[in-house]
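Residue numbering restarts at 1 for every chain, and letters A, B, ... go by the order of the sequence lines. What's counted below: heavy atoms across the whole structure, side chains too, no hydrogens, waters or symmetry copies.
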There are 2 protein chains.
Amino acid sequence: MAQRKSPTRPRSAAPPRPRDAEQTRSEILQAARVLFATRGYANAGMREIAAAAGITPALVVRYFGSKRDLFVAAIESDIGLGPFLGPDRATVGRHIARYFFSKPVREADVLSILLHAAGQPDVCDLATELLTTRVIQPLARWLGPPRAEARAALLLAIISGTWLFRQALPMRAFAGGPDTALASCMAAQIQHVVDGPPEA
Amino acid sequence: MAQRKSPTRPRSAAPPRPRDAEQTRSEILQAARVLFATRGYANAGMREIAAAAGITPALVVRYFGSKRDLFVAAIESDIGLGPFLGPDRATVGRHIARYFFSKPVREADVLSILLHAAGQPDVCDLATELLTTRVIQPLARWLGPPRAEARAALLLAIISGTWLFRQALPMRAFAGGPDTALASCMAAQIQHVVDGPPEA
DNA sequence: GTTTTTTGTAAACGGCTGTTGACTTCTAGC
DNA sequence: GCTAGAAGTCAACAGCCGTTTACAAAAAAC
């Protein structure tokens with residue numbers, strides 16, 4: 001029988017992962033973003049997240065406290081349309097559409113994560129607050145009158161709806177790249193809302 | 001101590017529900033629609049659905065077999081934009097917007113249920129198939145060229161995004177009635193897609 | 001070289017889940 | 001009235017969940 005050198009590490013086939021707290025922490029966050037985005041808050045389990053990060057679920061708890069706190073940490077870092085809200089208003093529709101349709105399907109994204117928070121009692125309040133203060137309000141300020149808030153909300157709905165069917169379900173009709181007819185339709189539609197009030 | 005007349009019904013304060021299989025079945029379906037729509041497929045439990053219908057979870061299983069089959073039964077009855085796809089194309093945007101913004105927040109709706117299917121491995125295939133065959137394809141036929149399918153997908157995204165933020169999260173910015181600025185913006189936006197290709 | 005702190009694992013906890021089988025209770029047919 | 005079957009309840013199952021506790025190993029401090 002093969003002798004085992006130590007009872008706690010029976011085989012050294014997998015080398016012991018180098019202990020680096022900072023990298024482990026970021027790997028947990030990355031795994032959480034991917035799984036929250038693709039499977040939703042309820043369906044992404046702690047064991048699944050831990051396995052994707054290559055560690056043990058107990059360690060996830062030790063790093064982030066609880067699943068809800070991990071969710072908060074996964075989305076509070078980067079959210080918002082800030083990079084698009086520059087002075088060039090004439091091409092913002094094309095830029096946004098190109099950005100979203102260039103990302104590969106099923107990639108982690110803050111918007112997907114927030115959409116999956118719908119219906120989860122313990123995180124949907126957080127999601128609505130973040131979407132209001134970090135997306136709708138800055139967008140409304142950038143759009144300006146008339147009907148700034150309504151147009152901002154409509155833009156959020158267009159982008160989120162497209163993103164939802166592309167990333168979360170996902171549907172084949174939304175699967176193409178940035179040169180599809182759908183991407184250009186979306187660009188024109190966004191631009192139409194940005195340019196002016198869609199009704200007198 | 002108060003004597004109990006029978007061990008199986010200790011108190012007759014609540015009269016025994018009249019036994020009507022057909023009505024019970026429809027009450028289960030209604031409760032399932034409401035809870036699937038508001039809490040999502042994963043978070044709506046069988047016990048919760050049964051309690052909302054006034055019965056026992058075992059009875060739900062006996063009527064519908066499993067949770068997934070109940071989900072199928074709850075959505076397959078009514079789905080589609082059929083009622084709106086009439087010959088009058090000039091006002092369809094206003095009609096759709098008025099319809100959606102007239103429904104009270106948190107009411108059961110097939111669209112909400114389908115959106116909540118995102119990320120659930122056992123039902124999202126069914127959701128994408130239903131949305132494709134019952135919504136996108138009829139809508140594309142009704143719209144006609146050019147870019148029929150892309151425009152249909154975009155319309156689905158606009159409606160679903162608005163509906164998601166209004167019903168599922170829900171966000172205050174989407175909470176108003178059919179006379180709000182957002183409703184009229186949405187109507188104009190839908191009409192813009194229906195009327196013609198948003199880009200040459 | 002020894003001790004302390006950090007980084008990680010292993011196993012278990014209570015609680016909730018969908019589902020099942022055995023059991024009552026009401027109702028319709030004879 | 002009696003009985004067969006439908007309608008419904010009850011208690012329990014196995015399995016998964018997030019979380020906790022106890023412990024091992026690596027790194028750092030002294």
Q) Does B:Tyr41 have B:Lys67 sitting over its ring (NZ/CZ under 6.0 Å from centre, angle to axis within 45°)? A)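 Pair B:Lys67/B:Tyr41 counts as cation-pi.
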Listed nucleotide nearest any side-chain atom of [X], set [options]:
X	options	answer
B:Arg19	C:dC26, C:dT7, C:dT19	C:dC26
A:Leu59	C:dG18, C:dT9, D:dT19	C:dT9
B:Met46	C:dT7, C:dC26, C:dT19	C:dT19

Round to the nearest Å and state the distance from [X] atom [atom1] to [N] atom [atom2].
X	N	atom1	atom2	value
A:Gln23	D:dA27	CD	P	14 Å
A:Glu27	C:dT7	CD	P	14 Å
B:Glu48	C:dG15	CD	P	19 Å
A:Leu35	D:dG18	CG	P	11 Å
B:Phe71	C:dT17	CZ	C1'	18 Å
A:Ile55	C:dT6	CD1	P	18 Å
A:Arg47	D:dG18	CZ	C1'	7 Å

Q) Just checking B:Ala44: base, sugar-phosphate only, or nothing, at a heavy-atom cut-off of under 4.0 Å? A)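 It contacts sugar-phosphate atoms only.
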Q.
Under 4.0 Å, heavy atoms only, any strand: does B:Ala58 hit a base, just the sugar-phosphate, or nothing?
A.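 Base: the residue B:Ala58, judged by heavy atoms under 4.0 Å, touches a nucleobase.
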For residues 68-75 of chain B, dump all side-chain donor-acceptor pairs below 3.5 Å to protein atoms at least two apart in sequence or in another chain.
| unit_1 | atom_1 | unit_2 | atom_2 | d |
| --- | --- | --- | --- | --- |
| B:Arg68 | NH1 | B:Asp122 | O | 2.3 |
| B:Asp69 | OD2 | B:Ser66 | OG | 3.4 |

Q) Any side-chain N or O of A:Thr24 less than 4.0 Å from the OP1 or OP2 oxygen of C:dG8? A)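 True: A:Thr24 side-chain N/O within range (under 4.0 Å) of C:dG8 OP1/OP2.
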Q: Could I get the full list of side-chain hydrogen bond (donor to acceptor under 3.5 Å, both in side chains) partners for A:Gln191, not counting sequence neighbours?
A: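 In terms of side-chain hydrogen bond (donor to acceptor under 3.5 Å, both in side chains), with neighbours along the sequence ignored, A:Gln191 is linked to A:Asp195.
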Q. Going by the side chain to side chain donor-acceptor pair (under 3.5 Å) test, which pairs reach into residues 48-60 of chain A, not counting sequence neighbours?
A.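 Those involving residues 48-60 of chain A are A:Arg39-A:Glu48.
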(Q) Please check: side-chain N/O of B:Arg47 versus main-chain N/O of B:Pro57, any donor-acceptor pairing under 3.5 Å? (A)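 Judged by distance alone, no pair lies under 3.5 Å.
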**Q.** For B:Thr132, all residues meeting side-chain contact (heavy atoms from CB on, under 4.5 Å), sequence neighbours excluded
**A.**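 Expected list: A:Met171, B:Gln137.
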(Q) A:Ala52: which residues meet the side-chain contact (heavy atoms from CB on, under 4.5 Å) condition with it, sequence neighbours left out? (A)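 Checked A:Ala52 against side-chain contact (heavy atoms from CB on, under 4.5 Å); matches are A:Ala31, A:Leu35.
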Q) Got a sec? Which of residues 61-70 of chain B come in under 4.0 Å of DNA chain D, heavy atoms? A)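 Residues of residues 61-70 of chain B under 4.0 Å from DNA chain D: B:Arg62, B:Tyr63.
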